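Data block below; observations after.
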2 protein chains.
Amino acid sequence: MPDITSQTYTRADEAFDCLQTAIVKGDLAPGDKIGELDLCSRFELTRGPLREALGRLESRGLLVRRPHAGVKVVSVSASELVELYRIREVMEGLAARQAAERMTDQEIADLKATLDAHETMIDEARGQAYYQAEGDYDFHHRIATGSRNTKLAQMLLGDLYYMVRMYRYRLSTSAGRPHRALGEHRRIVEAIAQRDGELAEFLMKRHINAARENIEKQIEEGVLTV
Amino acid sequence: MPDITSQTYTRADEAFDCLQTAIVKGDLAPGDKIGELDLCSRFELTRGPLREALGRLESRGLLVRRPHAGVKVVSVSASELVELYRIREVMEGLAARQAAERMTDQEIADLKATLDAHETMIDEARGQAYYQAEGDYDFHHRIATGSRNTKLAQMLLGDLYYMVRMYRYRLSTSAGRPHRALGEHRRIVEAIAQRDGELAEFLMKRHINAARENIEKQIEEGVLTV
DNA sequence: TGCATCCAGATTGTCGACAAACTATGCCGG
DNA sequence: CCGGCATAGTTTGTCGACAATCTGGATGCA
């Protein structure tokens, strides 16, 4: 019997993961024209699997490809980043509502514990920005999966979050925002724990709206290029 | 100068389109295990481009792939179809709101003309189901692009609609629904024409909600297998 | 009879090489 | 001096073949 857990990673999967993280972490800057054999030598694989991975990345919108002309990392303008948050607002609002209806008590308890861990991290102020960013991602990740909506989770985790994270390292978290964000998170979890889907949706939408406004402020201040 | 409009279709693109339409039209039934060289002989191409296309389809959620075990068309359960409509509700609501804010007067006029064309088609009752289905798709398509939200349109047109259309041919449109749907469309367009984004969003959400309830009714009646 | 094991066949993953298309450099004409 | 064009070089798209892995049936044993 084939071990169902072994998942047998193929070279294409490996290439896909490597490229995706490379793009998200910024090792491959937006707008870069990257050659296929450059990537082959960098990741120790041949062009076959690589091209398959490139196809997947293109389909997810992280790469743009012009036939015979090469592939370059997609460059998301600041205005498009704002549009991304508008999508997040409605989709994560839905996720929060469904999570309130469907999450198990155990999952909710874990979610609370996660927030406690985030709080100590923020209070200790060590690597504030990084940990806050990862903690934020963790929080939204749990709610997306908790919605029990397969396609919704797939779209959020597989598409939107990667594009948002591409720009996360550029965004300066304004002082005091981590604490405020944590408070918003706590209120959302409370609503979920009370199984109040309507409230959870409202709070989540407002939470992401606040994040969007924060970004728009940075754009006006010229911190982020349009 | 290379003609920007010529787009130079590559074999992989061709394979992608062929497979996508084959899946949507039902030529490849959900759950089918399909072999790579079967597909190669069917579409007159080799495994290289085919595998690239398969990677894209998999990334879009139309196929599932297990290493060394082959690829099969994704089978969306009826409950998952309902979840899809929940996503559509919030995303198309957003699209309608942004369309109300951003569509040009010309686009709105075209949209109205489209609805008029649909009405005559429905009244003449020729190919009612088919034309209604295509007309409905056309309507939503225009609003998605009219939102000027690149990623939103991409997710709707490139992901959700294909999965919904996979099941469209199974859904029996209940008598009188085309007329009612057309009326709902008209009201949405009116709101857009008046630049009332909030109302457009509300009406669109209600419109898709009605479609979802129609599907749920069919599920209860056993028309659609769960 | 039922179950586990093994083997054969077919299928998938991977690789290297050939042909077509684009980019850039240099040249020519105005 | 500038713009357009031809050519060389590189990169991409495509193809066929080899090796690793999974599926299904037959076999042996309890």
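This structure is a prediction, so every number in the text was calculated from the model and none was measured. First the proteins, then the strands, lettered A, B, ... as listed; each starts at 1.
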- Query: Reckon B/Arg65 has a side-chain N or O less than 4.0 Å from the OP1 or OP2 of C/dT12?
  - Reply: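 Result: no.
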Over 60° means perpendicular and under 30° means parallel, so tell me whether B/His207 and B/His140 are parallel, tilted or perpendicular.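 Parallel, since the angle between the ring planes stays under 30°.
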Given protein heavy atoms under 4.0 Å, the one-letter contact record of nucleotides 14-19 of chain D, with B base, S sugar-phosphate only and - none, is simply BSSB--
Using whole Å, what does the distance between atom [atom2] of nucleotide [N] and atom [atom1] of [X] come to?
{"X": "A/His68", "N": "D/dG13", "atom1": "NE2", "atom2": "P", "result": "6 Å"}
{"X": "B/Glu36", "N": "D/dT21", "atom1": "CD", "atom2": "P", "result": "17 Å"}
{"X": "B/Asp38", "N": "C/dT12", "atom1": "CG", "atom2": "C1'", "result": "13 Å"}
{"X": "B/Leu37", "N": "C/dG9", "atom1": "CG", "atom2": "P", "result": "17 Å"}

Option among B/Glu89, B/Glu213, B/Met91 that satisfies the side-chain contact (heavy atoms from CB on, under 4.5 Å) test with B/Ile208
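Going through the options one by one, the only one that passes is B/Glu89.
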| query | Counting only heavy atoms not in B/Lys151, do more than 12 fall under 6.0 Å of its NZ? | reply |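 It does: B/Lys151 NZ has more than 12 such atoms within range.
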Looking only at C/dT23, C/dT11, C/dG13, the nucleotide nearest the A/Arg66 side chain is C/dT23
Practice problem: Report the residue (B/Lys33 or A/Ala69) whose heavy-atom-nearest nucleotide on DNA chain D is the more 5′ of the two. | Solution: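 First, find each residue's nearest nucleotide; the 5'-ward one identifies A/Ala69.
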When every non-hydrogen atom of A/Arg195 is compared with those of A/Thr104, the smallest separation belongs to NH2-C, 4.0 Å
Can you find a side-chain donor-acceptor pair between A/His118 and A/Asp136 that sits under 3.5 Å?
no
SB check A/Arg212 A/Glu92 (cutoff 4.0 Å):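 A/Glu92 and A/Arg212: not salt-bridged.
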